[in-house]
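Since the structure is predicted, the reported quantities are computational estimates derived from the model, not experimental observations.
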Amino acid sequence: MDRAFWNDAYKEDADSVMVADRILDVELADLPVGTALDLGCGRGSNALKLAAKGWSVIGVDWADHAIALATEAAKQRRLDAGFVVGDITTWQSPRLFDLVISTYALPGGEASAQALQRAIQALAPGGTLLVAEWDRSMAALWNFDPDELMTPAQIVALLPGLTIEKAEVIRIEDMFASPDDPRGGAGAKATIALVRARKN
């Protein structure tokens with residue numbers, strides 16, 4: 001699933017590509033509003049959600065069409081959110097952020113380690129990193145190579161020097177409840193690997 005694949009996917013049906021957020025409100029409720037970076041932001045749903053709550057947000061994704069959709073949405077809603085076309089494994093942040101999120105965006109294998117290194121580098125001292133990915137248990141369900149997905153422990157292993165505040169598997173019963181969602185072919189349930197960490 002390279003850059004061209006995702007760009008085409010967003011052009012064909014952006015709604016079917018995005019994953020409905022089920023974690024941000026709960027996981028970030030105790031954080032003061034500040035600056036945020038969304039790595040692998042897609043069309044910007046989560047970045048825009050944060051901006052609507054008062055965060056100043058930058059979103060990065062390598063799909064040009066997704067970034068165009070996000071930019072237009074931010075403009076129409078007059079939100080403090082900017083979007084950049086970039087590869088999250090190599091993109092260099094121009095500044096540090098109070099919050100960095102990556103939701104269902106890690107590319108797998110060594111590339112995931114590279115993306116998380118960029119996330120750590122972009123995080124301000126005292127800042128929070130929130131990572132949500134499909135748990136490795138989903139690989140068999142979706143006929144994926146197990147190495148494409150990670151457990152919370154595997155994500156934690158890629159976050160040296162950070163204080164781990166949470167690392168757990170979350171089961172969501174109706175993640176793909178819509179009959180139009182092609183990812184629901186194996187059922188509506190999903191398991192998510194969630195890791196929340198803080199930079200000292």
Side-chain angles (χ1 to χ4, degrees), residues 1-107 111-133 155 158-159 162 194-199:
M1 295 184 190
D2 59 9
R3 184 174 193 162
F5 170 89
W6 289 113
N7 220 22
D8 289 344
Y10 278 104
K11 287 178 181 177
E12 290 172 11
D13 188 355
D15 289 337
S16 70
V17 177
M18 296 303 294
V19 179
D21 171 55
R22 303 298 182 90
I23 60 168
L24 288 183
D25 289 341
V26 172
E27 294 302 325
L28 306 181
D30 61 336
L31 295 183
V33 169
T35 57
L37 172 65
D38 185 354
L39 290 175
C41 65
R43 69 174 187 187
S45 298
N46 288 341
L48 296 169
K49 185 175 186 177
L50 289 172
K53 293 178 179 294
W55 291 82
S56 176
V57 188
I58 297 292
V60 181
D61 200 283
W62 64 354
D64 307 69
H65 189 67
I67 291 298
L69 292 173
T71 300
E72 181 60 26
K75 180 180 178 181
Q76 289 183 356
R77 295 171 60 184
R78 298 181 181 178
L79 294 174
D80 185 7
F83 296 92
V84 180
V85 175
D87 183 339
I88 64 171
T89 67
T90 58
W91 183 76
Q92 295 280 355
S93 174
R95 58 191 173 99
L96 300 180
F97 295 85
D98 302 312
L99 171 68
V100 177
I101 65 171
S102 175
T103 56
Y104 317 105
L106 294 180
S112 291
Q114 294 168 353
L116 289 173
Q117 184 59 38
R118 296 299 178 195
I120 294 170
Q121 291 170 353
L123 198 59
T128 295
L129 171 64
L130 186 68
V131 180
E133 283 295 324
I155 295 172
L158 298 176
L159 304 176
L162 298 190
L194 177 70
V195 175
R196 174 174 158 157
R198 181 171 44 82
K199 192 171 190 178

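To the nearest 0.5 Å, atoms CD1 (Ile120) and CG (Leu162) are separated by 4.5 Å. Note: Lys199 NZ to Gln121 CD = 8.0 Å, rounded to the nearest 0.5 Å. The CG atom of Leu159 sits 9.5 Å away from the CD atom of Gln117 when rounded to the nearest 0.5 Å. Here the straight-line distance linking atom CG of Leu116 with atom CG of Leu106 works out to 5.0 Å at 0.5 Å rounding. Taken from CZ in Phe97 to CG in Leu39, the straight-line distance is 8.5 Å, to the nearest 0.5 Å.
Formation of a donor-acceptor pair under 3.5 Å by the Glu133 side chain with backbone atoms of Ala105 is found in this model.
Partners of Arg118 under the salt bridge (charged side-chain N to carboxylate O under 4.0 Å, His left out) rule, at least two apart in sequence or in another chain, do not exist in this structure. Thr89 meets the side-chain hydrogen bond (donor to acceptor under 3.5 Å, both in side chains) test with Asp87; sequence neighbours excluded. Not counting sequence neighbours, the partners of Lys49 by the salt bridge (charged side-chain N to carboxylate O under 4.0 Å, His left out) test are Asp21, Asp25.
Across every non-hydrogen atom of Leu79 and Ala51, the tightest pair is CB-CB, 3.9 Å. Scanning both residues, Leu129 and Ala119, for their nearest heavy atoms gives CD1-CB, 3.9 Å. Closest heavy-atom contact between Phe83 and Gly44: CE2-CA, 3.9 Å. The shortest non-hydrogen separation linking Val60 to Gly86 is CG1-O, 3.6 Å. Looking at every heavy atom in both residues, Ala73 comes nearest to Leu48 through CB-CD1, 3.6 Å.
Taking the side chain as every heavy atom from C-beta outward, Arg196 and Thr128 approach each other to under 4.5 Å. No side-chain heavy atom of Asp38 sits less than 4.5 Å from a side-chain heavy atom of Trp55. You'll find the side chain of Pro125 reaches within 4.5 Å of the side chain of Leu96, heavy atoms only. The shortest side-chain heavy-atom distance between Asp61 and Ile88 does not fall under the 4.5 Å cut-off.
For the side chain to side chain contact (heavy atoms under 4.5 Å, CB included) with Cys41, the lone residue among Thr103, Val84, Ile67, Asn46 that qualifies is Ile67.
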Decide side-chain contact (heavy atoms from CB on, under 4.5 Å) for Lys53 and Leu28; before the verdict, give the C-alpha distance in whole Å, the side-chain angles of both, and the deciding distance to 0.1 Å.
CA-CA 11 Å; Lys53 293 178 179 294; Leu28 306 181; over 6 Å; no

Take Leu194 and Ile23 through the test side-chain contact (heavy atoms from CB on, under 4.5 Å) and record every step on the way to the result.
CA-CA 9 Å; Leu194 177 70; Ile23 60 168; 3.9 Å; yes

With side-chain contact (heavy atoms from CB on, under 4.5 Å) as the criterion, how do Asp98 and Leu31 come out once you've worked through the C-alpha distance, each side chain's angles and the decisive distance to 0.1 Å?
CA-CA 9 Å; Asp98 302 312; Leu31 295 183; over 6 Å; no

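Classification of Asp30 and Arg198 as a salt-bridged pair fails, no side-chain N sitting under 4.0 Å from a carboxylate O.
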